[in-house]
Amino acid sequence: MNKIENNLLIIGSGPAGYTAAIYAARANLNPHLVSGLEPGGQLTITTDVENYPGFGDVIQGPWLMEEMKKQALNVGTIFHNDIVTSVNFDDKPFLSKTESGKEFLSKSVIIATGAQARWLNIDSEKNFKGFGVSACATCDGFFFKDQKVIVVGGGNSAVEEALFLTKFASKVMLVHRRDTLRAEKILQDRLFNNKKIEVIWDTKVIEFLGDKNPQTLKQVVLENIKNSERSIIDVNGAFIAIGHDPATSLFKGKLDMDDENYILTKNDSTETSIKGVFAAGDVKDKVYRQAVTAAGMGCMAALEAEKFIAEEF
């Protein structure tokens, strides 16, 4: 077995993981980072990024992640293109094993495995991801000024996205499979009182239609669940808001989580229920879910890990 003793292991490689690596490396912790299944995280499937501070022009999500990775490498982060398959937080140093057979014995661990938006998983959805179909209104709503969009879902996040999109879109249609919303009453009141929003009940999306060159969403095919009637509506954008799944299955039973499997951390801290184990980014944040907040938490986690190591070892 390839055993690697280290100060700090960072699991995950989105904005939280990369930022944690930059700060930890600059603190001479010589961090090791295991990239995981999707190096760069959700930003690698995001095209235009307009809201990351410091860039006057539109930048590309994959490019931003490459630059963060480069910066982490330049200050001394040791990268492993691998997947962590098991962790043991019962004993110190913490033991993490990877798919390729590496074993990390770490004084501290930062978890930055992120979360993935749930998609409808219909074939045509993949064709228009980033070209009209999105899972983040705060990221992409700006591109749909004075246009027609739909939001798919019926919970808090769907209603919040629909309300947010009314700032830009000329019309927002909320498509929901049931005849009632799951969202909080106060949000429902705001939704029903907004003249820009129309709710389409008992309906699911069957297909996305549009142009191929360039990729442009033009229409969606809807099906009524009760009578199976189909209809086609013209839209410029579609926002899927049926929830997120944090990538935390590896840590079940090992760390405290909420009922949606997001890792719980202490107030004003990234420290988990295990001292020396920290969580940053979308793996613990179901409220903001922005690259900049994930990066901020990555910074926090690195500073807290540095303090923990200095005090404990």
Side-chain angles (χ1 to χ4, degrees), residues 9-17 19-20 34 36-38 41-43 83-90 94 96 108-120 135-139 151-164 176-178 180-188 239-305 308:
L9 177 67
I10 299 163
I11 305 173
S13 58
T19 306
V34 179
L37 266 175
E38 192 177 61
Q42 290 184 72
L43 270 190
I83 296 164
V84 174
T85 52
S86 72
V87 292
N88 183 349
F89 297 145
D90 295 333
F94 303 120
S96 306
S108 184
V109 173
I110 292 173
I111 298 164
T113 46
Q116 291 86 35
R118 284 186 212 131
W119 296 94
L120 298 174
C136 181
T138 44
C139 314
V151 175
V152 182
N156 280 354
S157 57
V159 173
E160 283 166 356
E161 301 242 306
L163 289 164
F164 177 81
H176 186 40
R177 295 175 66 94
R178 298 180 180 86
T180 54
L181 299 173
R182 298 187 310 278
E184 292 165 8
K185 182 75 168 65
I186 190 166
L187 287 172
Q188 291 194 41
F239 292 85
I240 315 303
I242 55 176
H244 283 72
D245 293 313
T248 54
S249 56
L250 187 62
F251 313 107
K252 272 187 187 165
K254 299 172 194 296
L255 297 170
D256 289 352
M257 298 183 193
D258 70 7
D259 54 5
E260 293 176 77
N261 298 319
Y262 285 86
I263 295 172
L264 295 170
T265 57
K266 293 174 182 169
N267 286 342
D268 298 323
S269 170
T270 62
E271 189 171 79
T272 67
S273 52
I274 302 274
K275 210 174 173 202
V277 178
F278 305 90
D282 287 12
V283 79
K284 64 147 286 191
D285 167 30
K286 57 183 173 186
V287 179
Y288 304 105
R289 290 200 281 256
Q290 298 298 303
V292 68
T293 48
M297 279 184 262
C299 162
M300 288 166 63
L303 296 175
E304 288 187 281
F308 168 78

ask   = Which heavy-atom pair separates Ile111 from Val283 by the least distance, and what is that distance?
value = O-CG1, 3.7 Å

query = Can any side-chain N or O of Lys286 pair as donor or acceptor with the backbone N or O of Tyr262 at less than 3.5 Å?
reply = no

task = Determine whether more than 12 heavy atoms belonging to other residues, nucleotides or ligands lie under 6.0 Å from atom CZ of Arg177.
result = no

Flag side-chain contact, heavy atom, 4.5 Å: Val109 against Ile274 = no

key: Side-chain touch Val87/Lys254, heavy atoms, less than 4.5 angstrom   = yes

ask   = Do Glu271 side-chain atoms and Lys266 backbone N/O form a donor-acceptor pair below 3.5 Å?
value = no

inquiry  = Assess the residue pair Asp282 and His244 against the criterion (side-chain contact (heavy atoms from CB on, under 4.5 Å)); give the C-alpha distance rounded to whole Å, side-chain angles, the decisive distance to 0.1 Å, and a yes or no.
reply    = CA-CA 9 Å; Asp282 287 12; His244 283 72; 5.5 Å; no

note = To the nearest 0.5 Å, atom OG of Ser249 lies from atom CE of Met257 at 8.0 Å

message = Set out, in order, the CA-CA distance, both residues' side-chain angles and the distance that settles side-chain contact (heavy atoms from CB on, under 4.5 Å) for Ile240 and Arg118, then state yes or no.
response = CA-CA 8 Å; Ile240 315 303; Arg118 284 186 212 131; over 6 Å; no

key: Whether over 12 other heavy atoms sit under 6.0 Å from Asp268 CG   = no

message = I need the Thr270 OG1 to Asp285 CG distance, nearest 0.5 Å.
response = 12.5 Å

Donor-acceptor under 3.5 Å (Thr272 side chain, Leu255 main chain) = no

request  = Measure across Thr265 and Lys284 and return the closest heavy-atom pair with its distance rounded to 0.1 Å.
outcome  = OG1-NZ, 2.9 Å

ask   = Could you give the distance from CZ (Phe278) to CD1 (Ile263), rounded to the nearest 0.5 Å?
value = 13.0 Å

task = Measure the CG-CG distance between Leu163 and Leu187 for me, rounded to the nearest 0.5 Å.
result = 6.5 Å

inquiry  = Give me the atom names and distance for the closest heavy-atom approach of Ala135 to Ala117.
reply    = CB-CB, 3.5 Å

query = For the residue pair Phe251 and Phe89, does the interplanar ring angle fall in the parallel (under 30°), tilted (30 to 60°) or perpendicular (over 60°) class?
reply = parallel

ask   = About how many Å separate CG of Leu181 and NE2 of His176, when rounded to the nearest 0.5 Å?
value = 5.5 Å

inquiry  = So which atom in Ala294 and which in Pro15 form the shortest heavy-atom distance, rounded to 0.1 Å?
reply    = CB-CB, 4.2 Å

request  = Considering non-hydrogen atoms only, spot the tightest contact between Gln116 and Thr113 and give its length.
outcome  = NE2-O, 4.3 Å

task = Indicate yes or no for a side-chain donor-acceptor contact from Glu184 to the backbone of Asn156 under 3.5 Å, with no hydrogens or angles considered.
result = no

request  = Any chance you could lay out the side-chain contact (heavy atoms from CB on, under 4.5 Å) test for Leu250 and Val84, step after step, and finish with the verdict?
outcome  = CA-CA 8 Å; Leu250 187 62; Val84 174; 3.6 Å; yes

inquiry  = Let me confirm one number: the CD-SG distance from Glu161 to Cys136, rounded to the nearest 0.5 Å.
reply    = 6.0 Å

inquiry  = Checking the side chain of Ser108 only, and the main-chain atoms of Gly276 only, is there a donor and an acceptor separated by less than 3.5 Å?
reply    = yes

query = Do you know which two heavy atoms are closest between Phe94 and Lys275, and how far apart they sit?
reply = CZ-O, 3.5 Å

